[in-house]
Amino acid sequence: MFTTWSVAAVVVAFGIMLSIPRVALAHAVLVSSQPAVNSTVSGTEVAVLLKYNSRVDMEHSTLTLLEPDGKVEKVAIESEPEPGVLSAKLTGLVKGAYVLRWQVLATDGHITRGKVPFQVE
């Protein structure tokens, strides 16, 4: 049978578990991008700005560009203007469909991947 002390101990233990801060284990999710997903841009140069919902490790993140001819090029990440934002520049673009592929390491230690398809007119 439960005694008053054992019930009180369970209630206190449960209360302590609820009050302990939980570590955020959310992966880095792309919040916005320039160019925007499925957008059309013009010109041979395009500035890239990728904004995530959490900080990312710039040193362990990568960008690649799938070109209209099927060739894949590595894109240099230029800077991190603010935490959770990566910037780069695409040059030498020609008319056609492109896919900017990204892979980032979030501060929670998880790798997230995604892509931003866009057109150059």
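Note: hydrogens, waters and symmetry copies are ignored here, and every other heavy atom, side chains too, is used. This one's a predicted model, so the numbers in the text were calculated from it and none came from an experiment.
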Quick check: closest heavy atoms across [X] and [Y], and the distance to 0.1 Å?
| X | Y | result |
| --- | --- | --- |
| His27 | Asp108 | N-OD2, 3.6 Å |
| Val56 | Ala28 | CG1-CB, 3.8 Å |
| Ser87 | Ser79 | OG-OG, 2.8 Å |
| Ile77 | Ser61 | CD1-O, 3.4 Å |
| Leu105 | His60 | CD2-CB, 3.7 Å |

Evaluate the side-chain proximity of Thr112 to Gln103: yes if any heavy-atom separation is below 4.5 Å, no if none is.
no

Angle class for the Tyr98/Phe118 ring planes (parallel below 30°, perpendicular above 60°, tilted otherwise)?
parallel

Just verifying a value: how many Å separate [X] [atom1] and [Y] [atom2], rounded to the nearest 0.5 Å?
| X | Y | atom1 | atom2 | answer |
| --- | --- | --- | --- | --- |
| Glu80 | Met58 | CD | CE | 6.5 Å |
| Leu65 | Lys74 | CG | NZ | 13.5 Å |
| Tyr52 | Leu30 | OH | CG | 5.0 Å |
| Glu82 | Arg55 | CD | CZ | 10.0 Å |
| Leu90 | Glu67 | CG | CD | 9.5 Å |
| Leu63 | Glu73 | CG | CD | 13.0 Å |

Under 3.5 Å, is there a donor-acceptor pair between the side chain of Asn53 and the main chain of Val31?
no

Same apolar cluster (I L V M F W Y, side chains within < 4.5 Å links), [X]/[Y]:
| X | Y | answer |
| --- | --- | --- |
| Val94 | Val41 | yes |
| Val46 | Val37 | yes |
| Leu93 | Val75 | yes |

So Arg113 and Arg101, side-chain contact (heavy atoms from CB on, under 4.5 Å) or not? Walk me through it.
CA-CA 7 Å; Arg113 295 173 184 86; Arg101 296 177 179 159; over 6 Å; no

Could you point out which residue of Leu86, Leu49, Leu50 forms a side-chain contact (heavy atoms from CB on, under 4.5 Å) with Ser33?
Leu50

For Leu100 and Val48, run side-chain contact (heavy atoms from CB on, under 4.5 Å): C-alpha distance rounded to whole Å, both residues' side-chain angles, the deciding distance at 0.1 Å, then the answer.
CA-CA 9 Å; Leu100 179 64; Val48 173; 3.7 Å; yes

